[in-house]
Number of protein chains: 2
Amino acid sequence: MNKRPKILIVDDEEDIIEILKYNLEKENFEVRGAMDGAAGLEMAHAFKPDLILLDIMMPKIDGIEMCKQIKDSGKLPDTMIAFLTARNEDFTHITALESGGDDFINKPIRPRVLISRVKALLRRTAKKEVDAIVNIKDLTIDREKFSVYKGNQEIVLAKKQFELLNLLISKPGKVFSREEIFNKIWGPDVLVGDRTIDVHIRKLREKLGENYIKTLKGIGYKFEF
Amino acid sequence: MNKRPKILIVDDEEDIIEILKYNLEKENFEVRGAMDGAAGLEMAHAFKPDLILLDIMMPKIDGIEMCKQIKDSGKLPDTMIAFLTARNEDFTHITALESGGDDFINKPIRPRVLISRVKALLRRTAKKEVDAIVNIKDLTIDREKFSVYKGNQEIVLAKKQFELLNLLISKPGKVFSREEIFNKIWGPDVLVGDRTIDVHIRKLREKLGENYIKTLKGIGYKFEF
DNA sequence: TGATTTTTGCCAAATATGTGACATAGTAGA
DNA sequence: TCTACTATGTCACATATTTGGCAAAAATCA
């Protein structure tokens with residue numbers, strides 16, 4: 001890592017901020033604090049931290065609301081948010097994750113745990129790229145050149161076949177329902193029979209081999225890796 | 001949010017209803033009140049609220065019973081239920097959770113807290129999307145990949161089996177009545193024999209192992225964690 | 001114990017998908 | 001223009017898998 005990661009702590013208890021700050025600075029992070037949601041929001045946009053540690057229960061704007069505003073604004077796409085919560089607040093956990101938070105850390109906070117969680121979260125930030133060339137299993141898909149290699153053997157795919165493969169590997173492992181496939185490849189208006197997808201899948205399988213595309217009956221298809 | 005969320009308050013103290021109503025209406029919610037469980041049930045089905053605030057201690061039908069009846073009927077799948085409880089009633093917390101409640105709000109009620117909890121709960125309703133990946137015991141359920149892992153052993157489930165498991169773990173520990181399961185998985189119209197669920201449960205148990213799904217005779221099934 | 005409910009093994013019906021043969025349309029090259 | 005070729009889509013039928021159901025056995029409750 002080339003620069004000191006920046007962390008913003010938002011909590012209405014000054015003591016907590018101080019303790020966290022002390023521990024994190026010891027690990028060479030750059031730390032700032034804010035004592036309520038409004039101040040936190042402002043500082044988030046000015047300071048552009050890599051990570052925000054956010055207490056849920058706060059006056060004025062609560063942590064969840066603040067998180068939502070940050071995530072919705074889209075202005076800090078690379079900032080991770082972790083909630084600080086009291087134990088036994090299972091419900092808030094769920095809401096917190098739904099608001100777009102990336103993790104939560106239970107109070108009372110144990111410094112060791114805190115540090116390792118923080119580091120783990122920052123590692124996640126580091127890699128976030130989408131590429132024109134995807135390698136998966138022994139396949140290489142080049143979205144720009146419109147070509148697919150198995151090992152270094154080129155496989156020529158027809159357009160629909162390529163689109164289909166491309167869709168499936170856009171989220172390897174994810175199951176795509178037939179409906180989703182129709183909508184994404186044929187568009188919502190085109191009307192084709194329901195055997196059509198099977199046929200294309202079959203042709204793909206003929207060219208690629210049997211061990212890439214898996215059928216889940218009644219559910220859809222997925223690329224297996 | 002496009003429409004005014006509807007809230008039903010059920011409490012045997014008129015004062016409480018009035019105070020809550022006043023505060024919630026100020027926030028632009030549509031509020032109704034009922035003074036006992038029976039009336040509450042009736043109004044719940046007629047009014048179809050987004051959220052029910054439910055006192056636990058009530059004459060005739062208590063709050064927990066009322067909650068159970070609503071959740072078991074499966075007819076108001078999108079209605080959240082929050083209990084109003086006096087502090088230090090931990091034991092009721094557990095029962096209340098198992099009855100399917102979604103949150104608790106402690107009395108005495110502080111309007112600020114009330115409002116923010118209510119908003120949080122409604123946010124949950126709106127964004128129906130739950131986490132794609134759930135970990136529980138040694139199981140990992142990935143809703144996107146439509147797959148289940150026990151440790152790192154993949155277990156392949158058929159659609160209905162997956163749906164069933166998914167329902168059960170959506171509230172671990174909660175007892176799902178057969179009726180609720182029917183309504184949620186088959187929908188209110190489909191007609192299948194009442195041994196059908198058992199059969200699917202069996203197949204799930206065959207695949208997962210015996211220690212996950214517990215039968216409560218005459219009541220229903222639950223996922224034990 | 002008897003009554004009720006659930007589990008289980010076995011099987012049948014319903015459904016979804018795979019496959020081969022074929023129709024159509026578009027395209028490139030002669 | 002014609003021909004040969006390919007991509008796409010369709011159909012009918014074969015197959016595989018899932019789902020639902022019954023009845024006997026087992027478990028549980030009262």
Side-chain angles (χ1 to χ4, degrees), chain A residues 145-148 154-168 174-224, chain B residues 72 145-148 154-168 175-224:
Chain A
K145 285 185 185 157
F146 230 77
S147 51
V148 179
E154 181 165 11
I155 297 175
V156 181
L157 297 182
K159 193 169 152 221
K160 279 275 183 305
Q161 289 160 23
F162 190 85
E163 285 175 346
L164 191 47
L165 176 61
N166 205 56
L167 176 63
L168 291 177
K174 181 194 161 184
V175 178
F176 292 82
S177 69
R178 298 172 107 73
E179 199 188 339
E180 196 174 354
I181 295 175
F182 273 128
N183 284 328
K184 297 239 167 97
I185 295 193
W186 278 264
D189 312 316
V190 187
L191 205 59
V192 288
D194 51 332
R195 291 279 62 95
T196 303
I197 286 181
D198 312 32
V199 175
H200 286 279
I201 290 279
R202 166 170 107 222
K203 302 217 162 121
L204 252 182
R205 291 210 256 236
E206 276 168 9
K207 290 186 180 173
L208 297 179
E210 289 297 308
N211 299 105
Y212 300 97
I213 298 166
K214 190 173 174 187
T215 305
L216 300 178
K217 273 201 149 178
I219 307 171
Y221 294 95
K222 70 175 174 181
F223 188 94
E224 209 168 31
Chain B
D72 285 357
K145 293 191 164 72
F146 244 90
S147 50
V148 178
E154 180 166 12
I155 298 175
V156 180
L157 298 183
K159 194 172 160 208
K160 279 275 183 308
Q161 289 159 24
F162 191 88
E163 286 174 347
L164 191 48
L165 175 61
N166 207 56
L167 176 62
L168 291 177
V175 181
F176 290 83
S177 69
R178 299 178 117 74
E179 195 185 349
E180 189 176 359
I181 295 175
F182 272 128
N183 281 324
K184 296 238 169 98
I185 295 192
W186 277 265
D189 312 316
V190 187
L191 205 60
V192 288
D194 54 333
R195 291 302 86 211
T196 302
I197 287 180
D198 310 36
V199 174
H200 286 280
I201 290 278
R202 176 215 325 180
K203 294 189 173 150
L204 252 182
R205 290 209 259 237
E206 274 168 11
K207 290 187 181 174
L208 296 180
E210 290 299 308
N211 300 105
Y212 299 98
I213 297 165
K214 190 171 177 187
T215 306
L216 299 171
K217 265 197 137 147
I219 307 174
Y221 294 95
K222 71 174 176 181
F223 189 95
E224 208 166 33

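Worth knowing before you read on, the calculation uses all heavy atoms, side chains too, and leaves out hydrogens, waters and symmetry mates. Labels below follow one simple rule: chain letters A, B, ... track the order of the sequence lines, proteins then strands, and each chain is numbered from 1.
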Report yes if the side chains of [X] and [Y] come closer than 4.5 Å at any heavy-atom pair, otherwise no.
X: F223(A); Y: L165(A); answer: yes
X: Y212(B); Y: L204(B); answer: no
X: I181(B); Y: W186(B); answer: yes
X: I197(A); Y: Y221(A); answer: yes

Practice task
Name the nucleic acid region contacted by K159(A), choosing base, sugar-phosphate or nothing; use a 4.0 angstrom heavy-atom cut-off, strictly under.
Solution key: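 Touches sugar-phosphate only.
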Please report the distance, rounded to the nearest Å, between [atom1] in [X] and [atom2] in [N].
X: F146(A); N: dA7(D); atom1: CZ; atom2: P; result: 13 Å
X: L216(A); N: dT17(C); atom1: CG; atom2: C1'; result: 12 Å
X: I185(B); N: dT18(D); atom1: CD1; atom2: P; result: 16 Å
X: I201(B); N: dT8(C); atom1: CD1; atom2: P; result: 11 Å
X: L191(B); N: dG21(D); atom1: CG; atom2: P; result: 8 Å
X: L204(A); N: dG9(D); atom1: CG; atom2: C1'; result: 16 Å
X: K214(A); N: dT17(C); atom1: NZ; atom2: C1'; result: 15 Å
X: E206(B); N: dT7(C); atom1: CD; atom2: P; result: 12 Å

Less than 4.0 angstrom between a side-chain N/O of [X] and OP1 or OP2 of [N], yes or no?
X: H200(B); N: dG20(D); answer: yes
X: W186(B); N: dG20(D); answer: yes
X: T196(B); N: dT19(D); answer: no
X: T215(A); N: dA16(C); answer: no
X: Y221(A); N: dA16(C); answer: no

Handout entry: Any donor-acceptor pair under 3.5 Å from K217(A) side chain to A158(B) backbone
Key =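 Checking the backbone N and O of A158(B) against the side chain of K217(A), no donor-acceptor pair under 3.5 Å is found.
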Completion exercise
Out of dG9(D), dG21(D), dT7(C), minimum distance to the side chain of V192(B) belongs to dG21(D)
Problem - Candidates dT6(C), dG18(C), dG9(D) - which lies nearest the side chain of K160(A) - result: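 Taking heavy atoms from C-beta onward, the closest nucleotide is dG9(D).
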Handout entry: Ionic contact status for R205(A) with D198(A), cut-off 4.0 Å
Key = no
Problem - Lys/Arg-Asp/Glu bridge criterion (N-O < 4.0 Å) met for K145(B), E154(B) - result: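 Here K145(B) does not pair with E154(B) in a salt bridge, since their nearest N and O are not under 4.0 Å apart.
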Can you give me the N/O atom pairs linking the protein to nucleotides 11-16 of chain D at distances under 3.5 Å, or say none if there are none?
residue : atom : partner : partner atom : Å
dA16(D) : N3   : K217(A) : NZ           : 2.8

Exercise for the section: Using the closest heavy atom to pick a nucleotide of DNA chain C for each, name whichever of I219(B) or E210(A) lands nearer the 5' end. Expected result: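 That would be I219(B).
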